[in-house]
Amino acid sequence: MADEAVAERAAEPASRDPQRPQGSRSPEAPPRGRERGGERGDEQAQGEAEPHDGPEAGDDEAAERAKERERAADRIKDLTRDPLAEEDGEDGPTDLAAAARARRSGRKLLTSGRDFTSFDRSRVGHAHIGDINVSLDARRSGVAMRGGPVPEEELRRLRRAHVEPAGYVRLRRALESRRLLVLGGAPGTGRTSTALALLDEVTRDGTGDGGRVRRVDPHQAEGVRGLVGEVKGGERRGTGYLLELALDRPGTLPPDEMDLDQLASTLAEGDAYAVVVVSVGSAANPLLAGRYGMVCPPAPSQELVTVRLRERLEEARDHEALERAARLAEDPEVIEAVGLDDLRPAEAELLASLLAEHLLGSLTREELLAGCRSIAAVQAHEWFAGVDRALAAAPSSGDGRTPVRSATAALFHPVAFRIALAVLGGGSHSAVSAAAHLLTWELSVQSDPDSTPSRPLFCDDPESDRALSRARSDNGAIDVAGAEVTGQLIFYRGSALPAAVLAEIWDRHFPVRAPVVRWLRLLADDPRPQVSVRAAVAAGELSVRDFEYGFGELVRPLAEASSPRRRVFAATALDQVAGHASHRKAVRKVVDDWSRYGTASLRWTAAMTLGHGRAADSVDAALDALARIGVRDQGRQLAVASLNVVRLLTLPECATVLRRLGQWAEHRREEYQDLALVTIVRLATTGVDEVLDDEPGTPLGDRGDWPLLLALAVTRPELTGTLADLLWTALNTARSRDVAFDALEALLRAASRGERAEGGEGREGREGGGDRMRPGLAALLPALTSDEHDRQQLEWLLRRMMRDQDRPLTTEQASALWRLAVPARQRRSDEEESHG
């Protein structure tokens, strides 16, 4: 047939059945193999087996058979719809691609081998590895330090070891000119060391005897006003004062501008200087925005480690080891074990000590890596230890009965933000903030159930949230209603922190579990996959730490829910648990029991878990369970079973799945046949990015915008014949014929116009996907159109697409698709005719 045949006949009157090309057959049962011409239609078979009493009886039976075929076709069409959209209506959209991307991102952040950190938490305030004992509790060190003069020896050591942050000179000049500096920074970033270094420089000409730099005890002095009195009563001129204010405590008010002006004037009179250190946050914002306020940048991590290493190795008199230590610090395994993008001064000191001790032979490599992993665990402990201690000791209200509860929401918000970031990290900043406010409410209610939490509406500070949580933001793609838009994403500054935070709250703070569970259940109902799926991954990681509790409080209740979204949450959490070898056997037992004996909801959840490929001993076992779920109760859950069979096709055992589909298509029971037919159609209408767990860079991952059927035909060429056989079966079976041809049309349009396989208008393939998909059709179509009858069906479909009033296929597009299907066979035919 010439290439232009389709285009030439497009303008002819429709002399054939508009729904079926001439000579096509419509067998009701799936054919066995691809024996063209050997299958028989239902009407012919029944006509030979059952004699009719007369013309009227024959007409009634034919009409009844026609109705039965129509009902069967409608049922297949219903089963090929998205089973996850039930709660939104039969045509409600669900974004499987966004869910898959969210799941990959969540697994990447949390599956880092850190769920069982080897660390002695009984001494979590210090890191004690081998002979190394370094305090890391930078958050509370300033507050706990008593007032008094700073020893000159400490100042000398500071001058030798201090690494100046960016903008240090600007900070010094501001202090020299104004006498007073309000220095803001996150706890542990070296802000106190920088303040001492500044005071040491500006007071070099002051009095000696260890009194030229003094710490002011905030518990003994009344904040800034108390410091004014101390400066006035001081006998020495040229003294530098360091005051650390804890503004995050309930009931603490920041000093106003008049107090600061008075202090600056008093300092000038006494030729003295003062640095007031505050934590960044909403309470400190007015101070940092005033004339005395400046933010303290963190010191550079690499320089910190280098300086500390030089100190350690000089003490050991091993001057040649510095270069080896620098190489060891850049070892990928060491970097992964530390898991922090930048180190704070105490952390740099610990890492340098670990590296030096390892080089000197005091620590094995395993002990070195264990010590590196402990750094993030210590940071998580500092964030959560004793946060609500002040609330537990709240004073009475005056009547002796009702306790006075300060702003619990303001106290818990930084804590809630860190937990939300651990769960939803990599998502949008707005999603993390909204989830943090939900958790703030739950924590506040748990802490004070008799009071309604209140929170100011205009006190959020994104910069403070990032600084207090060691977070960073970046622009990236966000899934919104099936489309990707650019938005602000937020991450921890280090891969170790999410797992460390979850481990800390789950293992050491049992009362926190109840509000966190309630919060995760709320997130399970969120329609955004970036929220619900990431929360499910985190729920799985928490369940690994205490499977009895996690299964009973999170997995099982949601697995029995009426909402598909909650059941997907439970399935995702179970699969995350199955990713840990220690719990895989238990998960497989649970899923197998649910698939055999569970309620309808539990079987549905089991099917969704099996589709990930880790909840069964083998792919064959997963397919057995999915078939058991799909055919039960007249195929009530066949749709969700077929979806998860398709998901298994992304695994290396793809050939096993295709073989089972062929066996089901030939099965004597109609439920198995339907399972095969629905799965084949779903395979043709599912995009790779909707079911793939792999990151880009794999053969399938690089074709995320392709229909899965075409991607498999290109990446697994040895399976092309089997794929074509299965699609041919669906195209030539009466009850699946209509939806199969619709799926084939979507494939053709995907390659001709760049539309995705689901065929929605306006959903263009990324990077000109149409041209990139042509190799998939070039591999599939010749195998699908092996004889004249098949080519007639393709010709009919192309003509129908050309006559589509809404999206007509152009002549050039139809001819190009025709050439993809028949060129090789046509050339062989021409050669045979010429030789004849």
Side-chain angles (χ1 to χ4, degrees), residues 17-21 24-31 41-42 63-94 96 564 604 607 626 629-647 661 664-665 667 669-687 690-691 707-709 726-750 755-761 763 793 796-797 800-801 804 806-807:
D17 181 353
Q19 297 298 323
R20 183 178 304 162
S24 64
R25 301 170 177 84
S26 57
E28 182 56 26
D42 216 25
E64 184 60 32
R65 286 197 298 272
K67 291 180 180 180
E68 180 61 30
R69 287 196 298 272
E70 185 176 352
R71 286 193 293 268
D74 289 341
R75 181 171 182 270
I76 294 294
K77 185 176 182 179
D78 289 339
L79 291 172
T80 56
R81 292 192 173 99
D82 187 356
L84 307 185
E86 295 173 7
E87 62 185 349
D88 298 323
E90 62 178 10
D91 294 322
T94 57
L96 293 175
W604 195 99
L626 287 170
I629 295 170
V631 304
R632 183 170 171 176
D633 298 335
Q634 291 78 47
R636 177 182 175 186
Q637 295 184 336
L638 192 147
V640 69
S642 69
L643 170 63
N644 288 282
V645 173
V646 170
R647 293 167 70 190
L661 282 176
W664 293 339
H667 203 281
R669 289 181 57 184
E670 187 174 298
E671 291 86 353
Y672 282 93
Q673 298 172 11
D674 287 348
L675 178 58
L677 295 172
V678 171
T679 304
I680 294 165
V681 174
R682 196 179 296 281
L683 167 61
T685 58
T686 298
E690 294 177 324
V691 292
L708 181 58
L709 181 61
L726 292 170
L727 182 56
W728 185 92
T729 299
L731 290 169
N732 289 274
T733 301
R735 61 184 184 271
S736 62
R737 174 186 175 80
D738 290 343
V739 290
F741 267 102
D742 289 342
L744 179 57
E745 177 180 345
L747 290 175
L748 297 177
R749 290 190 182 277
E755 294 178 358
R756 289 177 56 95
E758 53 265 33
E761 293 184 5
R763 301 189 67 179
Q793 293 194 113
W796 164 79
L797 179 59
R800 189 182 78 172
M801 294 168 64
D804 191 308
D806 296 326
R807 298 180 299 168

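Taking both residues in full, the closest heavy atoms of Ala684 and Leu709 are given as CB-CD2, 3.9 Å, listed atom of the first, atom of the second, then distance. Of all heavy-atom pairs between Ala72 and Arg735, the closest is CB-CB, 3.8 Å. In terms of heavy atoms, Arg669 sits closest to His667 at N-ND1, 3.0 Å. Of all the heavy atoms in Leu638 and Glu671, the pair that sits closest is CD1-O, 3.7 Å. Closest of all the heavy-atom pairs between Asn644 and Ala607 is CG-O, 3.0 Å.
Checking side-chain atoms of Ser736 against main-chain N and O of Ala730 turns up a donor-acceptor pair under 3.5 Å. A donor-acceptor pair under 3.5 Å is absent between the side-chain atoms of Arg75 and the main chain of Asp674, judged by distance alone. Looking at Ser642, its side chain does come within 3.5 Å of a backbone N or O of Ala639 through a donor-acceptor pair. The backbone N or O of Leu677 lies less than 3.5 Å from no partner atom in the side chain of Arg682, so there is not a single donor-acceptor pair.
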Audit row: Leu626, Arg647, side chain to side chain contact (heavy atoms under 4.5 Å, CB included) steps and yes/no: CA-CA 12 Å; Leu626 287 170; Arg647 293 167 70 190; over 6 Å; no

Trace of the side chain to side chain contact (heavy atoms under 4.5 Å, CB included) decision for Gln793 with Arg737: CA-CA 11 Å; Gln793 293 194 113; Arg737 174 186 175 80; 3.0 Å; yes

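Between the CH2 atom of Trp604 and the CG atom of Leu84 there is a distance of 5.0 Å, given to the nearest 0.5 Å. Expressed to the nearest 0.5 Å, how far CG of Leu731 lies from CG of Leu797 amounts to 8.5 Å. Leu675 CG to Leu661 CG: the interatomic distance, rounded to the nearest 0.5 Å, is 7.5 Å. In this structure, Thr679 OG1 and Leu79 CG are separated by 10.0 Å, a value rounded to the nearest 0.5 Å. Here OG1 of Thr686 is found 7.0 Å from CG of Leu708. Values are rounded to the nearest 0.5 Å.
The only option from Thr80, Leu643, Val646, Asp78 that meets the side chain to side chain contact (heavy atoms under 4.5 Å, CB included) definition with Val678 turns out to be Thr80.
Taking the six-membered ring for Trp and thresholds of 30 and 60 degrees, Tyr672 and Trp664 have ring planes inclined between 30 and 60 degrees apart.
Residue-environment remark: CZ (Arg636) stays at or below the threshold of 12 foreign heavy atoms within 6.0 Å.
Ion pair Arg800/Asp742 flagged as a salt bridge, since at least one NZ, NE, NH1 or NH2 atom sits closer than 4.0 Å to an Asp/Glu carboxylate oxygen. Between Lys67 and Glu64 no salt bridge is recorded (no basic side-chain N to carboxylate O distance below 4.0 Å).
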